[in-house]
Amino acid sequence: MPELPEVETVRRYLQNHLPGKSIQKIEIFLPRLIKNATPQQFAAALENKKIKSVERRGKYLFLHMDGSQSLLIHLRMTGRLTYEEENSSVLPRFSRIIFQLTQGRMLYGDVRTLGCLWLIPSVGLTGVKGCDTLGPDGTSPNFTAVYLRQKLKNNTRTIKSFLLDQTNVAGLGNIYVDEALFAAQIIPLRRCNRIGNKTTVRLHDAIVRVLEEGIMYGGTTIRDFINGSGKEGKNQHNLCVYGREGRPCPVCGTEIVYIKVAGRGTHYCPQCQK
DNA sequence: CAGGCCCTGCTT
DNA sequence: AAGCAGGGCCTG
């Protein structure tokens, strides 16, 4: 559920608090979350290393370390990354990994344990499948209407499945895809190559707008998302279609429809979106 | 391209 | 007790 705006919200908090602090000790309660190292290797590579910066590409978070190896994290559905300035004696439910820092601690929590952590080289490609093949971030200047038009032109897939594919645009997930398609007045089932120039520009603008709005409001909390300080986002109040099936379209009042597209729950207004 | 898998808490 | 939530990867 964390998509670009949620991951960016977490990143900003961590970037404000972590750089300059060192990881003293790592406690791993669920080793299988670490995908390319044993818990021993993982701890050995990161303990006593200083955190230099926290960066993001798509939905991936990078903790760049002062050392040859850094940390890559994907929160998937229910992953949470929080920083506590003062060590509390209480550990939040579903805490899976504790990063004890020189001041405070960072917790990786995950109810459904689908998240992933990797050790990666501090420079160059990550070697992590999916991460090295990301398309431009939806919020990046490299993501232009011209680029989008080029990608859509000869593609026969539905626009929803296209936008969920991170090699086309990085950072969109189920919520923001539905919201962007509503804002662009495109029905999720529309074939990419049946979207014209003018509509492509509208879609590009809509994608950028919903992502930036999501960041501005600190992410969308439907059930699980919390930011780096453990608080909920506020963007759920801005949603027009996601999770609103059966309720009136905010523009025309028609009932929002729920269908499955590309295996995902999909929400749209049958009146506004064509 | 569709469907299964992972995984657990919450809803029906 | 079954169904649902879905990101990313894998298989048929």
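Lettering of chains follows the sequences in order, A, B, ..., and the numbering in each one begins at 1. Computation of the quantities below employed the complete heavy-atom set of this structure, encompassing side-chain atoms and omitting hydrogens, waters and symmetry-equivalent molecules. No experiment lies behind these values; they were computed from the predicted model shown.
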Could you check which of [options] has an atom nearest any side-chain atom of [X]?
X: Y60(A); options: dC9(C), dG7(C), dG9(B); result: dC9(C)
X: M77(A); options: dG8(C), dG9(B), dG7(C); result: dG7(C)
X: R32(A); options: dC7(B), dG9(B), dG6(C); result: dC7(B)
X: L114(A); options: dA5(C), dC6(B), dG9(B); result: dC6(B)
X: T113(A); options: dG7(C), dC7(B), dC10(C); result: dC7(B)
X: R112(A); options: dC7(B), dG9(B), dC1(B); result: dC7(B)
X: Y242(A); options: dG8(C), dG6(C), dG9(B); result: dG6(C)

Using atom [atom1] of [X] as one end and atom [atom2] of [N] as the other, report the distance to the nearest whole Å.
X: K59(A); N: dG6(C); atom1: NZ; atom2: P; result: 11 Å
X: L72(A); N: dG7(C); atom1: CG; atom2: P; result: 18 Å
X: R80(A); N: dG9(B); atom1: CZ; atom2: C1'; result: 12 Å
X: L4(A); N: dG6(C); atom1: CG; atom2: P; result: 18 Å
X: D165(A); N: dC10(C); atom1: CG; atom2: P; result: 14 Å
X: L75(A); N: dC6(B); atom1: CG; atom2: C1'; result: 17 Å
X: E6(A); N: dA5(C); atom1: CD; atom2: P; result: 18 Å
X: D132(A); N: dG8(C); atom1: CG; atom2: P; result: 14 Å

For [N], take OP1 and OP2 only and decide whether either is under 4.0 Å from a side-chain N or O of [X].
X: T78(A); N: dG6(C); value: no
X: R76(A); N: dG8(C); value: no
X: Q166(A); N: dG7(C); value: no
X: K260(A); N: dA5(C); value: yes
X: H74(A); N: dG8(C); value: yes

| message | In terms of relative ring orientation, are Y13(A) and Y83(A) parallel, tilted or perpendicular, with 30° and 60° separating the classes? | response |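 Rings of Y13(A) and Y83(A): tilted, as their planes differ by 30° to 60°.
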| query | Between R209(A) and E213(A), does at least one N-O distance fall below 4.0 Å, as a salt bridge requires? | reply | no
| Quick one: are the ring centres of F143(A) and H204(A) less than 6.0 Å apart? | yes
Could you check whether [X] gets within reach of a base, just the sugar-phosphate, or nothing at all, counting any heavy atom under 4.0 Å?
X: L164(A); value: sugar-phosphate
X: G263(A); value: nothing
X: T156(A); value: sugar-phosphate
X: Y176(A); value: nothing

| First of R264(A) and S161(A) reached from the 5' end of DNA chain B, by closest nucleotide | S161(A)
| said: Between D110(A) and Y108(A), does the side-chain hydrogen bond (donor to acceptor under 3.5 Å, both in side chains) criterion hold? Intermediate values first, please. | reply: CA-CA 7 Å; D110(A) 199 337; Y108(A) 178 81; 2.6 Å; yes
| task | Under the side-chain hydrogen bond (donor to acceptor under 3.5 Å, both in side chains) rule, what do T220(A) and Y242(A) come out as? Steps first, then yes or no, please. | result | CA-CA 11 Å; T220(A) 302; Y242(A) 185 87; over 6 Å; no
| Global bending angle along the helix from dC1(B)-dG12(C) to dT12(B)-dA1(C), which compares the axes of five pairs at either end, to 10 degrees |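 If I round to tens, the end axes sit 60° apart.
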| field | Under 3.5 Å: donor-acceptor pair, side chain of D137(A), backbone of T139(A) | value |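 Not confirmed, D137(A) side chain does not pair with T139(A) backbone.
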| Side-chain (Q100(A)) to main-chain (G104(A)) donor-acceptor, under 3.5 angstrom |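 A pair under 3.5 Å: yes.
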| message | Tell me whether the count of non-hydrogen atoms from other residues, nucleotides or ligands lying under 6.0 Å of NZ in K274(A) goes above 12. | response | yes
| S122(A) vs S70(A), side-chain hydrogen bond (donor to acceptor under 3.5 Å, both in side chains): CA-CA, chis, key distance, verdict | CA-CA 5 Å; S122(A) 292; S70(A) 289; 2.8 Å; yes
